[in-house]
Every structure is written in structure tokens, then in C-alpha cells.
Undergrad: 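What follows is a single structure, and I will ask about it in a moment.
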Amino acid sequence: MNYIYIIILVVIAMALQRYFIYLQSKNYTQMLIELRQKGDVGFGVAKGAFSGCAVILCSDADGTIIDSKIMRGFSTFSRFKDLPEILGENIDDLYNKAYTDKKYGKSIKTAVEQIRNLKNKEENEEEN
């Protein structure tokens, strides 16, 4: 009889986990939609054994960061928060900067690379 209660608890825990994953992915999608309306967007992720870091950067046509978001942790309760300390910086300066937190630095660099690729693609389309 005790096994039935354990199975029920496991099923409930799995259902709650899926629900929180759904809320997290909905938050991510909403952030991307908002930032894509402002400018070019890059997304960077660095995973770790017990934690991770995800960064979304939005830049204008000149390569200046106009909005940025960060999500840290491994929990499904994590949500994107504002990252005001890099607003107004150029993407090239961010890429070349030395970071003490490796996951944070890797996430920033990956997001900057995506923005650069997007800008190169747009330039190539304009030339053709």
C-alpha cells in the first residue's frame, strides 16, 4: 500500500516539474519577442554541473547594447532579470573583456557572436 503513495507523489512531482518548465520556457519566449522588437538579439548559455547562466543581449544597428537579461541557476524557478551593468556598451568591447565568472563570460561571448552573425547576414543580404 505504501508503494501507491510513493508512486502518486512521484507523478505529482513530475507534473509540477513540467508545469514549472512550461512557465520558464514561456518567460524565455516572451523575453525574446520583446527584445526582437527593439533590435538584434543574441542568446548565450553556459551550463555547469550544478548551475548555469543564460544571457540575452539586444543591440542597436551600431552594436550598442540597448537591453540585456540574465538567468542564473539550475532551478525551474529561475527567471530572466535585467542586467543593467552592460547597457550602453559596445558588443566588441563586451567580447574582448576579461570576465572572472567563466560561465557569465562564455554566455556573453556566445550572445555577442550571434549578434555579429546576424549583422553579417544582414549586410550580405543588402549587398545582393
Side-chain angles (χ1 to χ4, degrees):
M1 193 68 171
N2 290 336
Y3 293 116
I4 293 173
Y5 293 122
I6 293 172
I7 291 172
I8 290 172
L9 284 175
V10 168
V11 169
I12 291 171
M14 289 173 63
L16 282 172
Q17 181 183 18
R18 287 186 181 262
Y19 175 71
F20 288 124
I21 289 172
Y22 165 75
L23 290 179
Q24 192 175 46
S25 67
K26 187 176 176 182
N27 177 255
Y28 165 72
T29 304
Q30 182 180 359
M31 286 296 135
L32 280 181
I33 290 170
E34 288 175 17
L35 294 177
R36 281 189 179 149
Q37 293 173 352
K38 295 179 181 181
D40 296 327
V41 175
F43 181 72
V45 178
K47 297 178 184 178
F50 296 107
S51 67
C53 180
V55 174
I56 304 176
L57 300 178
C58 180
S59 74
D60 60 8
D62 298 329
T64 303
I65 301 299
I66 56 175
D67 204 350
S68 58
K69 306 286 183 186
I70 187 168
M71 180 172 56
R72 290 182 184 261
F74 64 93
S75 164
T76 55
F77 297 111
S78 300
R79 297 289 179 261
F80 281 99
K81 298 175 180 138
D82 289 333
L83 184 61
E85 56 263 15
I86 62 173
L87 292 179
E89 291 195 38
N90 190 286
I91 59 173
D92 296 325
D93 295 338
L94 283 177
Y95 190 83
N96 296 323
K97 195 175 191 180
Y99 297 96
T100 54
D101 184 350
K102 291 182 182 180
K103 291 177 194 165
Y104 176 72
K106 182 180 178 186
S107 299
I108 294 271
K109 289 183 180 194
T110 304
V112 168
E113 287 172 358
Q114 287 185 0
I115 292 173
R116 284 179 176 171
N117 291 338
L118 185 62
K119 289 186 183 300
N120 289 338
K121 184 179 176 182
E122 290 173 353
E123 289 174 1
N124 290 337
E125 288 177 358
E126 287 176 3
E127 289 176 2
N128 295 331

Undergrad: Can you name the nearest heavy-atom pair linking Lys103 to Ala46, along with the distance?
TA: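 Answer, listing the atom of Lys103 first, then Ala46: O-CB, 3.3 Å.
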Undergrad: Are Leu35 and Val45 connected in a single hydrophobic cluster, I mean Ile/Leu/Val/Met/Phe/Trp/Tyr linked by side-chain heavy atoms less than 4.5 Å apart?
TA: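 Yes, Val45 and Leu35 fall within the same hydrophobic cluster.
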Undergrad: Could you check if a side-chain atom of Val41 sits within less than 4.5 angstrom of a side-chain atom of Ile56, using non-hydrogen atoms only?
TA: yes
Undergrad: Should Val11 and Tyr19 be regarded as members of a common hydrophobic cluster, given that ILVMFWY residues are connected when their side-chain heavy atoms come within less than 4.5 Å of each other, either directly or indirectly?
TA: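 No, Val11 and Tyr19 fall in different hydrophobic clusters.
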Undergrad: Rounded to the nearest 0.5 Å, what's the gap from CE on Met14 to CG on Leu16? Could you check?
TA: 11.5 Å
Undergrad: For the hydrophobic clusters of this structure (ILVMFWY residues joined by side-chain heavy atoms under 4.5 Å, transitively), does one cluster hold both Val112 and Tyr104?
TA: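 Both belong to a single hydrophobic cluster.
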Undergrad: Is there a side-chain contact between Asn96 and Lys109, using heavy atoms and a 4.5 Å cut-off?
TA: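 No, every pair of side-chain atoms sits at 4.5 Å or beyond.
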Undergrad: Within a strict 4.5 Å, meaning less than it, do heavy atoms of the Ser59 and Thr64 side chains meet?
TA: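 With C-beta onward as the side chain, the pair stays apart.
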Undergrad: Could you walk me through whether Leu94 and Tyr99 pass the side-chain contact (heavy atoms from CB on, under 4.5 Å) check?
TA: CA-CA 9 Å; Leu94 283 177; Tyr99 297 96; 3.6 Å; yes
Undergrad: Take a 6.0 Å sphere around NZ of Lys119 and say whether it holds more than 12 heavy atoms from other residues, nucleotides or ligands.
TA: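 Atom NZ in Lys119 is packed in, count exceeds 12.
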Undergrad: What are the two closest heavy atoms between Ala111 and Gly44, and how far apart are they?
TA: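 Answer, listing the atom of Ala111 first, then Gly44: CB-N, 3.8 Å.
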Undergrad: Identify the heavy atoms of Gln114 and Phe43 that sit nearest to each other, and give their distance.
TA: OE1-N, 2.7 Å
Undergrad: Do the non-hydrogen side-chain atoms of Lys69 and Leu83 ever get within less than 4.5 Å of each other?
TA: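 With C-beta onward as the side chain, the pair stays apart.
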Undergrad: Applying side-chain contact (heavy atoms from CB on, under 4.5 Å), run through Asp101 and Arg72 and close with a yes or a no.
TA: CA-CA 12 Å; Asp101 184 350; Arg72 290 182 184 261; 2.9 Å; yes
Undergrad: Ile108 and Val55: which non-hydrogen atoms are nearest, and at how many Å?
TA: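 Nearest heavy atoms, Ile108 then Val55: CD1-CG1, 4.0 Å.
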Undergrad: Centre of Tyr95's six-membered ring, under 6.0 Å away, within 45 degrees of the axis: is that where NZ or CZ of Arg116 sits?
TA: yes
Undergrad: Nearest 0.5 Å, please: how far is CD1 in Ile70 from SG in Cys53?
TA: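 Going from SG on Cys53 over to CD1 on Ile70, the span is 4.0 Å.
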Undergrad: Heavy atoms, side chains only, cut-off 4.5 Å: are Lys97 and Glu89 in contact?
TA: yes
Undergrad: State, yes or no, whether a side-chain contact exists between Asp40 and Glu122 at a heavy-atom distance under 4.5 Å.
TA: yes
Undergrad: Is the closest side-chain heavy-atom distance between Leu57 and Ile91 below 4.5 Å?
TA: no
Undergrad: With rounding to the nearest 0.5 angstrom, report the CG to CD1 distance, Asp93 to Ile86.
TA: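 Atom-to-atom, Asp93:CG and Ile86:CD1 are 11.5 Å apart.
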Undergrad: Can you tell me how far CG of Asp82 sits from CG of Leu87, rounded to the nearest 0.5 angstrom?
TA: 8.0 Å
Undergrad: Find the distance between OH (Tyr22) and CG (Asn27) and round it off to the nearest 0.5 Å.
TA: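 Rounded to the nearest 0.5 Å, the OH-CG separation comes out at 12.0 Å.
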Undergrad: Just so I know, are the side chains of Met71 and Met31 near enough to count as touching, which here means a heavy-atom distance under 4.5 Å?
TA: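 Not in contact.
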Undergrad: Measure the spacing between CD of Glu113 and CG of Asn120 and express it to the nearest 0.5 Å.
TA: 11.5 Å
Undergrad: How far apart are the closest heavy atoms of Phe20 and Arg79, and which atoms are they?
TA: O-NH2, 4.2 Å
